[in-house]
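Notes for the one structure printed next.
Chain letters run A, B, ... following the sequence lines, proteins first and then strands; every chain starts at 1.
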There are 2 protein chains.
Amino acid sequence: MKTTFGEYIRLLRTEKDLTLTQLAAKLNLDSANLSKIENGIRDFDEKRLPKLANIFGLNLKELGEEYITDQLGKRIYETNCTKQLLKVAEEKAEYRRTLNKNLQTEKAV
Amino acid sequence: MKTTFGEYIRLLRTEKDLTLTQLAAKLNLDSANLSKIENGIRDFDEKRLPKLANIFGLNLKELGEEYITDQLGKRIYETNCTKQLLKVAEEKAEYRRTLNKNLQTEKAV
DNA sequence: ATAAGACTTGTCATTTTTTGACAAATCTAA
DNA sequence: TTAGATTTGTCAAAAAATGACAAGTCTTAT
């Protein structure tokens, strides 16, 4: 997916010929706020992902991955994080994983 | 840097033989909260980075990079983001950059 | 031209999350 | 033991995210 999550929702919505008001209702959401979400002014609330998946018949896991990559991509963009720094960030994530592993085995003892 | 930001602060602090209370005072911060920061229970507040850099004679830009890579690394870890997904996130960041570029040139016209 | 529906924008109250502060507990070394 | 260092728990305050509504613009059909 080469769009923002908001653009993706807009795509799904227009494909099905739904208005903002119609989709917003299905999502228990104000149409004004959905508009902001599609335009990237606000974030889609993670807890509505299951509903979104249902409405459009999408796989929840895949949709969730769209979501987190969008969120991360946004942070990467906002922090002007270069590829080089992103690599460092990835290593730090890896480090946290080993920390957690060690913690688990400690508990086991 | 192959540690969390909290561990890094602890390293800097103990190298200089400072107590939590002493460093916390320099940072305008409660020692109890600094303890939580070093132990990864709370986040270091970004607005204290300049102070932190001064106290330990560090380059602010570099310290800032330590900070954002730690923050991103934490998110990557928390979301169980695989390398593959991280690549997608990076592409999405790239996409946002082009969006922004187009916006700029639009403005110019 | 204008009326209706679709969408956008601005604002503010509410909710949620993060932070600051303090008290009390634990831990460690003299 | 006891003094200092650190950790943990809790709660109020501050900050950020979200929900809701009013009013605006834009488009299209009549």
Grab the [atom1]-[atom2] distance between [X] and [N] for me, whole Å please.
X       : N      : atom1 : atom2 : result
B:Arg10 : D:dA5  : CZ    : C1'   : 10 Å
B:Asn39 : C:dT26 : CG    : P     : 17 Å
B:Ile41 : C:dG20 : CD1   : P     : 15 Å
B:Leu23 : D:dA5  : CG    : C1'   : 14 Å
B:Asp17 : D:dG4  : CG    : C1'   : 15 Å

Discussion item. Strictly under 4.0 angstrom, non-hydrogen atoms only: write out the protein contact profile of nucleotides 10-30 of chain D, one letter per nucleotide from the 5' end, B, S or -.
Written reply: B-------BBBBB--------

Show which side-chain atoms of residues 29-37 of chain B pair as donor or acceptor with protein atoms under 3.5 Å away, not counting sequence neighbours.
| residue | atom | partner | partner atom | Å |
| --- | --- | --- | --- | --- |
| B:Asp30 | OD1 | B:Ala32 | N | 2.6 |
| B:Ser35 | OG | B:Asn39 | ND2 | 3.4 |

Worksheet item: Under a single-linkage definition using a 4.5 Å side-chain heavy-atom cutoff for Ile, Leu, Val, Met, Phe, Trp and Tyr, are B:Leu20 and B:Ile9 assigned to the same hydrophobic cluster?
Response: yes

Worksheet item: Under 3.5 Å, is there a donor-acceptor pair between the side chain of A:Glu62 and the main chain of A:Asn59?
Response: no

Practice prompt. For the pair B:Glu66 and A:Lys92, find out whether any cationic side-chain nitrogen is under 4.0 Å from an anionic carboxylate oxygen.
Written response: yes

Worksheet item: Across the strands shown, which category fits B:Ser35 at heavy-atom distances under 4.0 angstrom: base, sugar-phosphate, nothing?
Response: base

Worksheet item: Aromatic rings B:Tyr67 and B:Phe5: how do their planes relate, parallel, tilted or perpendicular, breaks at 30° and 60°?
Response: perpendicular

Practice prompt. List the steps, then state whether side-chain hydrogen bond (donor to acceptor under 3.5 Å, both in side chains) holds for A:Glu7 with B:Tyr95.
Written response: CA-CA 12 Å; A:Glu7 289 170 340; B:Tyr95 173 66; 2.7 Å; yes

